[in-house]
Colleague: 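Before anything else, here's the structure in question.
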Amino acid sequence: CECVCVLAGERSVLSLPSLPQANALEQLGEMACCMANIRFMDLSGNRITSLVGLEGCPGLLELSISENRITRTSGMPCCLKLQKLVLDNNLLVNTAGLDGLPSLHHLSCIGNHLPRVSNLSNSPLLHCLNLQQNNLCEAPPLMNHVLLRELRLEENNL
């Protein structure tokens, strides 16, 4: 494996070597050997099309995977500790894979193609939900989210 995992106390950070083309990562599976102890990961600005491969990150706390080519949020069932997820400026059309994130505090899906958001009922700790610049026709069901402090729905079809 050519990636290097740097462990520094409580913060485990992923460091990748220079790729032949800048931001050319297409699949998370390409890094599977490095991800078991990662807690914070920023994979923004690549060519990633799927979240499949995150099952190798059981301790992941924060993931920023903005500006990729992701259409669906499946592939996250093992990220039970995930607290912050940023999926801005992808190609998301649904949020079906987000139902198994009980520790999620912050979710941002700005600038996608979401017509609706569902499957957040198992994320009772959600504090911040940002869904700006999507194709939402209705507000997401958030009746049981008593900790929610910030809800951003600007630039939708509401």
Side-chain angles (χ1 to χ4, degrees), residues 1-19 22-112 114 116-131 134 140-142 144-152:
C1 179
E2 296 180 17
C3 53
V4 177
C5 184
V6 180
L7 302 177
E10 288 294 311
R11 291 188 67 89
S12 300
V13 180
L14 181 66
S15 175
L16 295 173
S18 297
L19 296 170
N23 299 332
L25 187 66
E26 294 181 5
Q27 297 178 23
L28 295 175
E30 296 174 21
M31 304 182 322
C33 60
C34 325
M35 301 193 312
N37 296 314
I38 299 299
R39 288 189 172 68
F40 305 91
M41 193 179 322
D42 186 343
L43 298 172
S44 298
N46 280 284
R47 299 177 185 163
I48 299 169
T49 58
S50 169
L51 296 175
V52 173
L54 286 176
E55 58 273 2
C57 304
L60 191 62
L61 298 176
E62 294 185 14
L63 173 62
S64 181
I65 196 160
S66 298
E67 298 178 17
N68 279 282
R69 299 174 182 169
I70 299 166
T71 57
R72 290 175 170 66
T73 54
S74 56
M76 304 189 69
C78 295
C79 297
L80 300 177
K81 297 180 181 179
L82 191 66
Q83 296 175 3
K84 183 175 182 178
L85 178 58
V86 181
L87 288 157
D88 298 345
N89 301 309
N90 275 285
L91 303 171
L92 287 176
V93 293
N94 73 48
T95 57
L98 298 180
D99 55 348
L101 303 175
S103 301
L104 195 63
H105 291 203
H106 178 104
L107 175 61
S108 183
C109 296
I110 299 170
N112 282 283
L114 295 169
R116 74 186 58 74
V117 173
S118 58
N119 302 322
L120 295 178
S121 60
N122 292 331
S123 299
L125 303 176
L126 200 60
H127 291 163
C128 176
L129 179 58
N130 195 332
L131 301 171
N134 277 283
L142 299 168
N144 298 325
H145 290 86
V146 296
L147 299 176
L148 190 65
R149 298 291 177 253
E150 182 178 351
L151 175 62
R152 305 291 304 268

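Start at 1 with the first residue, then count along the sequence.
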Colleague: I would like to know whether L101 and N122 meet side chain to side chain contact (heavy atoms under 4.5 Å, CB included); could you show each step before the answer?
Modeller: CA-CA 7 Å; L101 303 175; N122 292 331; over 6 Å; no
Colleague: Hey, mind stepping through T71 and N90 against side chain to side chain contact (heavy atoms under 4.5 Å, CB included) and telling me if it holds?
Modeller: CA-CA 7 Å; T71 57; N90 275 285; over 6 Å; no
Colleague: Judged by atom type as modelled, is there a donor-acceptor pair below 3.5 Å linking the side chain of N94 to the main-chain atoms of A96?
Modeller: yes
Colleague: Using a 4.5 Å cut-off on heavy atoms from C-beta on, say whether the side chain of R72 contacts that of V93.
Modeller: yes
Colleague: Going by heavy atoms in the side chains, are P124 and N144 under 4.5 Å from each other?
Modeller: no
Colleague: What are the two closest heavy atoms between N112 and L87, and how far apart are they?
Modeller: ND2-O, 3.0 Å
Colleague: What closest approach, in Å, do L126 and H145 show between heavy atoms, and which atom pair accounts for it?
Modeller: CB-CD2, 3.8 Å
Colleague: Distance check, rounded to the nearest 0.5 Å: L82 atom CG versus H106 atom NE2?
Modeller: 11.0 Å
Colleague: Is the shortest heavy-atom distance from the side chain of L107 to the side chain of L120 under 4.5 Å?
Modeller: yes
Colleague: Counting N and O atoms only, with roles assigned by atom type, does the side chain of N68 sit under 3.5 Å from a partner on the main chain of L43, one being a donor and the other an acceptor?
Modeller: yes
Colleague: What is the distance from atom CD of E62 to atom CD1 of I38, rounded to the nearest 0.5 Å?
Modeller: 13.0 Å
Colleague: Using atom types as modelled and distance alone, determine if a side-chain donor or acceptor of N130 lies under 3.5 Å from a backbone N or O of I110.
Modeller: no
Colleague: At what distance, to the nearest 0.5 angstrom, does CG of L61 lie from CD of Q83?
Modeller: 5.0 Å
Colleague: Please name the pair of heavy atoms, one in L142 and one in L148, separated by the smallest distance, quoted to 0.1 Å.
Modeller: CD1-CD2, 3.6 Å
Colleague: Let me confirm one number: the CG-NZ distance from L60 to K81, rounded to the nearest 0.5 Å.
Modeller: 10.5 Å
Colleague: Got a sec, which residues hit ring pair (Phe, Tyr, Trp, His ring centres under 6.0 Å) with H105, two or more places apart in sequence or on another chain?
Modeller: H127
Colleague: What closest approach, in Å, do L92 and C109 show between heavy atoms, and which atom pair accounts for it?
Modeller: CD1-SG, 4.1 Å
Colleague: With rounding to the nearest 0.5 angstrom, report the CG to CG distance, L51 to L85.
Modeller: 7.5 Å
Colleague: Looking at every heavy atom in both P140 and L129, which two are closest together, and how far apart are they?
Modeller: CG-CD2, 4.0 Å
Colleague: As an exercise, state the distance from CG of L104 to SG of C79, rounded to the nearest 0.5 Å.
Modeller: 10.5 Å
Colleague: Can you name the side-chain contact (heavy atoms from CB on, under 4.5 Å) partners of N89, sequence neighbours left out?
Modeller: E67
Colleague: Side chains of D88 and S108: do they bring a donor and an acceptor to under 3.5 Å?
Modeller: yes
